[in-house]
Amino acid sequence: MPLNPYLEAPVGRADLLARLERVLGERGRVVLTGAAGVGKTTLAAAAAARAEHRGETVLSLVPEEADRHIPGAVAATLLAATPAGLVADLPDPQREAVAVALRQLPPPDGVRDPIALRMAVAGLLRSLSAASPALLVVDNAHWLDPESAAVLRFALHLAPSRLRVILVEQLHGTGPGVDAGTDVVAGLGGPDVIVVPPLDADEVAELLVRHGLPYRLAGRIHRASGGNARLALTVGRSLKVARPSVHHADGLPLTGQVRLAARRMLDRVTEPVRETLFLAALAHQPTAALLRRAGRPAADAELADAEQAGLISLSEDGAVAFTADVLRATLVAEADQHARAAGHAALAEAVYDAVHAVRHRALACDTADEELAAALAGAAAASRLRGNRALAAELALLATERTPGDRPGPELVRLVTAAEDAGRAGRADLARRAANAILARDATPADRVRARLAVFDTAGQGLADLDEEYAHALQDAGGDLELRAAVQLRLAWKYLLADGDPGRSRQAAIAAASLAEEAGDRSTAAKALAVRARVERSLGIEEAERSLAEARALEIAEGPAGALNPAQILTIRHALFDDRLTEARAQLIALLPVVERRGTAEDVIEVCRTLAEVQVRLGQCTAALGHARRSLELTLEAGLSPGPAWFAAAVAETAGGSFQRAASYARRGVQASEEERDQIFLARNRYALGRIQLITGDVAAAVRTLRSVQDLETAQQVVDPSMVRWHEELALALVATDEPGRAAELIAATRPTAERLGRDTVLLGLDRAQAMCLAAQGDPGEAIARLEEIAHRYAERDLPLDQGRTLIHIARVERRRRRRAPAQTALQAAAEVFTRLGARPWLALTAEPVAAPRGDRAPAVPGTAGPLTEAELRLARLVCQGASNQEAAAKMFLSVKTVEARLTRIYQKLDVRSRAQLSAALRQS
């Protein structure tokens, strides 16, 4: 990391920073604009830091709001920052004007000379950039006092091109100070204007990572902040305290600091504009026409001002969207009850949709009214038919609140309906509100169970803290077979995801299927059999395919409950595990438009994520990146658990994007899965990370990471090696750390299970690792023969990425044998494969110089007992760099005795007797 953090491009701004520096170099004048807090200052600071790093003179002006009322304040700041020697060279009248501006002298005859001051500033800026390029950064240009703005305009108009200028100002609104800085812009002579856009959801996640803030909720934070960097960090810091209690689908806490940040943005517009925005904040789907009908005749002009200030966006049809959810929430939260009631009453008369009219009528009052409650219940039913379960849940809860106290029966029915709608919509906040209300009433055991089921269904991957709720649900289910089956099904998922106990998960799934079948509930039976099949696959139980076939038959007989059914997607994933990739891809491609049309966001995410994994195996790298990124975008937008989507992104980036981005995604996935105690995707994300570490040469870290995957799978009793293929990767990492014996042991332990289950491509990977063991143990000829056969078999199986990776292994073994021509031939063949696939990071690996790749070249010394292994080379280099045996042992995660033994072997191979001779031998090679 650079000593000055600003030398590194701000998150999400690398391209923008490059453009800024390019325009500065070509034209010398840039205006940075954008909403308050979007990151303009950070971008300008990065450009200034780089200029300073190049040895340029940098002057920065950062006026505050109070400076706007002090004539000449900013001009005086600029003069005070200018080297005194330059001032001394000015003509007397100009030098005197500078002294007066700095309050060092009183103005002669009590009258200041503005012309002399302007000429002085212009002369100073010319002198400043005479010897070398200089950069002037004027931040917060909207707070410039008029006198300073006029001085700068004059001086910059005369300044030479060697003086480059960055002017930073906010998007204009209609509040105080918005016209400040216009004079300076005019003085720049038609500068390039760069609008700094908001960050996207993934960039918000990276921003939170860099600031050590919880980023599991990055999607919700992005929606709350609209990608505004300052708002995102403020919301993230507020979550650092509330972190354990905030669920991925909850509304985020609107703390005082968050409100303050939002209020500062809202202060950029006039009071009438704020009143129109407040009415828009109350509406479910605000439009300019709706706001006009609701009593804001100047809505179009007021909304245009708000859009100019970066608070909203307007579509062509007049639809209004707040750029950040916290703006909307702050407007509502800071209004009193009377204002809210009046606003809802106006909207109730203005909306055309009967559902929303009823909603506004209910929110305009807080009295019980059975007629209104019944209308709300009807509106909830209408929303349910439209597929808007979240709105249905909200309306059902409103119906409950408006139900008179002497009607407990209808009230309870409405609460249960609200809970079930919230569960299907994935709205944890609404589900918990409804469930808490049900559990506080004299509800039947069946209703209490349904309330808790809704909470379970909105928990996402975070099921670990619901043990008591499951126990209560089972108790309340009593002898109701259908309810007991539903609870057992959720327990099966909980045991698998949160507890990492597939044995208990399988038993719960068996119980759920049996109870559901007895109750005649085919849908629950199919889901339970799908869970059973999933667990049996991981446990290496051969009944898995039969269980899956039974589940799929029940789904087909029952008819689709939704666009995507559990056994359907699991059937496709089994095809992925078995490398029946063309079959899996065809099913997913056919399924994608169906889930896009009829399914939930979770359905689309699941299909895109699985499709990305399939396409990676097929070598369709560009397509895989597209589907993985879409899966991630939808996940973050919906505020769902990000561990699965980050795993898919890591896998796709490893194939066709960037190893660096892939590692970043995998690390985020590990962190998110650890926070939610999701054992399944914790293992997968660690596997993805360990594989990247191995590929990029960080083999010691790869061993540690992959060992942790091994430990997780051992604890979870996972037997089938085809689901998370860490075995081959760990064996290769052990070979690279000079432990081929341990690698061979792992291969030998894994092979019988892979053979028993018929996992052919797993066996092929183990064969590749075994060949590398042979090379490390001194039989490179046999290793090459085996690797060539393995590459051919991968090609026959249409697994081109694995084919190309095997060719790289061949090149490296040949290189250690001093056979440069065969090594180059293998690398060229690999490059052809990766070029065809669009596997950019892998293609970069083939560009290694054959003669001397870092970390892989063995010295060629006549009479040696054989080339050094990769691990021996790393140790030799550490020693030659001055590391003691103890230091080398610590860096390589070895014992001191192992280091001593390995050094002895290195000395013998190279026929040297001292560290000095070792250094010479390495240099000669």
Side-chain angles (χ1 to χ4, degrees), residues 500 538 577 613 616-617 643 646-648 650-651 653-655 659-660 662-671 673-674 678-751 753-754 759 761-773 776 801-802 805-806 808-809 812 841-842 845 855 869-871 874 891-894 898:
S538 71
F577 298 150
E613 292 182 61
V616 164
R617 294 287 287 160
W646 271 329
F647 167 71
V651 170
E653 287 286 345
T654 303
F659 288 140
Q660 183 179 4
S664 175
Y665 284 134
R667 287 191 178 94
R668 294 184 213 171
V670 168
Q671 180 68 28
S673 300
E674 286 176 341
D678 176 358
Q679 301 300 303
I680 299 296
F681 279 94
L682 177 57
R684 291 184 183 181
N685 279 294
R686 284 186 181 174
Y687 158 73
L689 178 59
R691 185 168 181 264
I692 297 160
Q693 289 167 334
L694 173 61
I695 293 166
T696 56
D698 191 359
V699 292
V703 169
R704 292 194 304 275
T705 304
L706 293 167
R707 285 281 194 204
S708 73
V709 179
Q710 182 182 30
D711 293 341
L712 277 171
E713 292 222 334
T714 299
Q716 296 169 35
Q717 308 163 44
V718 176
V719 172
D720 193 326
S722 68
M723 299 176 70
V724 182
R725 304 187 179 201
W726 57 267
H727 312 77
E728 174 198 355
E729 306 298 343
L730 178 55
L732 288 170
L734 289 170
V735 171
T737 53
D738 206 24
E739 297 183 88
R742 290 189 178 182
E745 291 173 5
L746 174 60
I747 294 166
T750 307
R751 191 180 295 279
T753 301
R759 309 299 186 232
T761 54
V762 172
L763 290 167
L764 201 51
L766 295 176
D767 289 342
R768 179 165 58 189
Q770 184 67 57
M772 295 306 290
C773 284
L801 271 178
D802 280 303
R805 187 180 182 188
T806 306
I808 289 179
H809 284 306
R812 290 177 175 172
W842 290 92
L845 295 181
T869 66
E870 293 178 42
R874 281 194 298 278
K891 289 182 178 180
M892 296 187 69
F893 301 93
L894 301 171
T898 301

With no hydrogens and no angle check, do the side chains of [X] and [Y] hold a donor and an acceptor under 3.5 Å apart?
{"X": "T806", "Y": "R768", "result": "yes"}
{"X": "R725", "Y": "T761", "result": "yes"}
{"X": "D698", "Y": "T696", "result": "no"}

Would you say the side chain of [Y] lies within less than 4.5 Å of the side chain of [X], judging by non-hydrogen atoms?
{"X": "W726", "Y": "L746", "answer": "yes"}
{"X": "V719", "Y": "S538", "answer": "no"}
{"X": "V724", "Y": "V718", "answer": "no"}
{"X": "V762", "Y": "H727", "answer": "no"}

How long is the span from the [atom1] atom in [X] to the [atom2] atom in [Y], to the nearest 0.5 Å?
{"X": "R759", "Y": "D720", "atom1": "CZ", "atom2": "CG", "answer": "4.0 Å"}
{"X": "E613", "Y": "F577", "atom1": "CD", "atom2": "CZ", "answer": "7.5 Å"}
{"X": "E728", "Y": "L763", "atom1": "CD", "atom2": "CG", "answer": "11.0 Å"}
{"X": "E745", "Y": "E739", "atom1": "CD", "atom2": "CD", "answer": "10.0 Å"}
{"X": "I747", "Y": "Q770", "atom1": "CD1", "atom2": "CD", "answer": "4.5 Å"}
{"X": "M772", "Y": "R812", "atom1": "CE", "atom2": "CZ", "answer": "8.0 Å"}

Query raised in the report: How far apart are the C-alpha atoms of S664 and R668, what are their side-chain angles, what is the distance that settles it, and do they pass the side chain to side chain donor-acceptor pair (under 3.5 Å) test?
Result: CA-CA 6 Å; S664 175; R668 294 184 213 171; 3.2 Å; yes
Heavy-atom pair of closest approach, residues [X] and [Y]:
{"X": "P740", "Y": "C773", "answer": "O-SG, 3.7 Å"}
{"X": "N685", "Y": "S673", "answer": "ND2-OG, 3.7 Å"}
{"X": "T705", "Y": "G690", "answer": "CG2-N, 3.6 Å"}
{"X": "V735", "Y": "A776", "answer": "CG1-CB, 3.8 Å"}
{"X": "A769", "Y": "L732", "answer": "CA-CD2, 3.8 Å"}
{"X": "I695", "Y": "F659", "answer": "CG2-CZ, 3.6 Å"}

**Report entry** Backbone N/O of G643 and side chain of D678: donor-acceptor pair under 3.5 Å
**Finding:** no
**Report entry** Electrostatic pair E674-R686, nearest N-O below 4.0 angstrom
**Finding:** yes
Requested in this report: Could you tell me whether R751 and D767 have a side-chain N and a carboxylate O separated by less than 4.0 Å?
Outcome: yes
Requested in this report: With sequence neighbours excluded, tell me which residues meet side chain to side chain donor-acceptor pair (under 3.5 Å) with Q710.
Outcome: R707
Query raised in the report: So I808 and W842, side chain to side chain contact (heavy atoms under 4.5 Å, CB included) or not? Walk me through it.
Result: CA-CA 9 Å; I808 289 179; W842 290 92; 4.2 Å; yes
Query raised in the report: Does the cation-pi check pass for R684 over F681, that is, NZ or CZ under 6.0 Å from the six-membered ring centre and within 45° of its axis?
Result: yes
